[in-house]
*Asks:* 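The structure is given below, and queries will be raised subsequently.
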Amino acid sequence: VQLQASGGGLVQPGGSLRLSCAASGGTSSFWHMGWFRQAPGKEREFVAQMSRSGGHTAFSESVKGRFTISRDNAKNTVYLQMNMLKPADTGVYYCAVRASRLVLSALRDPNQYDYWGQGTLVTVSS
């Protein structure tokens, strides 16, 4: 399985970006598709995830209300729409997928995800 993330770049505070991540090589859609990020000198942190049916989404408190997540199961692609960006959102954004279902308490644990993309850099600066 390979994940290809794209859409990062430089944006001013208050601006928007849309990240995409396409998964290839799998035989079926993944139960969980999500995003994590890592700022310089910090640990990788959970940003958002969406279940296969789209019936369950989860967001970190720091992005809730500003970011939305969506997915196209036919294309095995997950999107992250980021609005009202802040300098604190700067970092490398990684997409991740999990084949089987997770309990809710495990959704934010990066160790629970099976495959990772290469990361795309988001820089929020004036």
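Side chains are part of it too, since the values below use all heavy atoms of this structure and drop only hydrogens, waters and symmetry mates.
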*Asks:* Can you measure from OG (Ser24) to CG (Leu3) and round to the nearest 0.5 angstrom?
*Replies:*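 Spacing of OG (Ser24) from CG (Leu3) equals 7.5 Å.
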
*Asks:* Give, for atom CG of Asn111 and atom CZ of Arg44, the distance between the pair rounded to the nearest 0.5 Å.
*Replies:*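 The CG atom of Asn111 sits 10.0 Å away from the CZ atom of Arg44.
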
*Asks:* Between SG of Cys95 and CD of Gln4, what distance do you get to the nearest 0.5 Å?
*Replies:* 8.5 Å

*Asks:* Keeping the roles fixed (side chain from Asp89, backbone from Lys86), state whether a donor-acceptor pair exists under 3.5 Å.
*Replies:* yes

*Asks:* Heavy-atom distance under 4.5 Å between the side chains of Met33 and Met50, does that happen here?
*Replies:* no

*Asks:* Check the pair Arg101 / His32 against side chain to side chain contact (heavy atoms under 4.5 Å, CB included), numbers first and verdict last.
*Replies:* CA-CA 7 Å; Arg101 188 174 183 175; His32 299 281; 4.2 Å; yes

*Asks:* Apply side chain to side chain contact (heavy atoms under 4.5 Å, CB included) to the pair Leu80 and Phe67, showing each step before the final yes or no.
*Replies:* CA-CA 7 Å; Leu80 186 69; Phe67 291 11; 4.2 Å; yes

*Asks:* When you measure from the centre of the six-membered ring of Phe30, is the NZ or CZ of Arg98 closer than 6.0 Å and no more than 45° off the axis?
*Replies:*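 No; the conditions do not both hold, so Arg98 does not lie above the ring face of Phe30.
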
*Asks:* Per the salt bridge (Lys or Arg N to Asp or Glu O under 4.0 Å) rule, what does the pair list look like for residues 110-126, sequence neighbours excluded?
*Replies:*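 As it turns out, there is no salt bridge (Lys or Arg N to Asp or Glu O under 4.0 Å) pair with a partner in residues 110-126 once direct neighbours are skipped.
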
*Asks:* Distance check, rounded to the nearest 0.5 Å: Gln118 atom CD versus Gln2 atom CD?
*Replies:* 10.0 Å

*Asks:* What I'd like to find out is whether the side chain of Val63 reaches to under 4.5 Å of the side chain of Arg37, using heavy atoms alone.
*Replies:* yes

*Asks:* Could you tell me whether a side-chain N or O of Thr77 sits under 3.5 Å from a main-chain N or O of Lys75, the two making a donor and an acceptor?
*Replies:* yes

*Asks:* Does a side chain donor of either His56 or Gln49 reach within less than 3.5 Å of an acceptor in the other side chain?
*Replies:*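 Short answer, yes.
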
*Asks:* With a 4.5 Å cut-off on side-chain heavy atoms, are Thr120 and Leu19 touching?
*Replies:* yes

*Asks:* Can you see whether Thr123 engages Ser125 through a side-chain donor-acceptor pair at a distance of less than 3.5 angstrom?
*Replies:*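 The criterion, which ignores hydrogens and geometry beyond distance, is not satisfied for Ser125 and Thr123.
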
*Asks:* Which disulfide bond (SG atoms under 2.5 Å apart) pairs, counting each pair once, include a residue from residues 96-126, with sequence neighbours left out?
*Replies:*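 As it turns out, there is no disulfide bond (SG atoms under 2.5 Å apart) pair with a partner in residues 96-126 once direct neighbours are skipped.
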
*Asks:* Begin with the C-alpha distance, continue with both residues' side-chain angles, and end with the deciding distance and a verdict on side chain to side chain contact (heavy atoms under 4.5 Å, CB included) for Val122 and Thr90.
*Replies:* CA-CA 5 Å; Val122 172; Thr90 294; 5.8 Å; no

*Asks:* Tyr94: which other cluster members, linking ILVMFWY side chains closer than 4.5 Å, directly or transitively?
*Replies:* Phe36, Phe46, Val92, Leu102, Leu104, Leu107, Tyr113, Trp116, Leu121

*Asks:* Nearest 0.5 angstrom please: Thr68 OG1 to Tyr79 OH, how far?
*Replies:* 12.5 Å

*Asks:* Side-chain heavy atoms under 4.5 angstrom apart, residues restricted to Ile, Leu, Val, Met, Phe, Trp, Tyr: same cluster for Tyr115 and Tyr93?
*Replies:* yes

*Asks:* So, Ser16 side chain and Asn83 main chain: donor-acceptor pair closer than 3.5 Å or not?
*Replies:*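 No, because the side chain of Ser16 does not come within donor-acceptor range (under 3.5 Å) of the backbone of Asn83.
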
*Asks:* Is there a donor-acceptor pair under 3.5 Å between the side chain of Arg108 and the backbone N or O of Ala58?
*Replies:*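 Pair absent, no side-chain N/O of Arg108 close to backbone of Ala58.
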
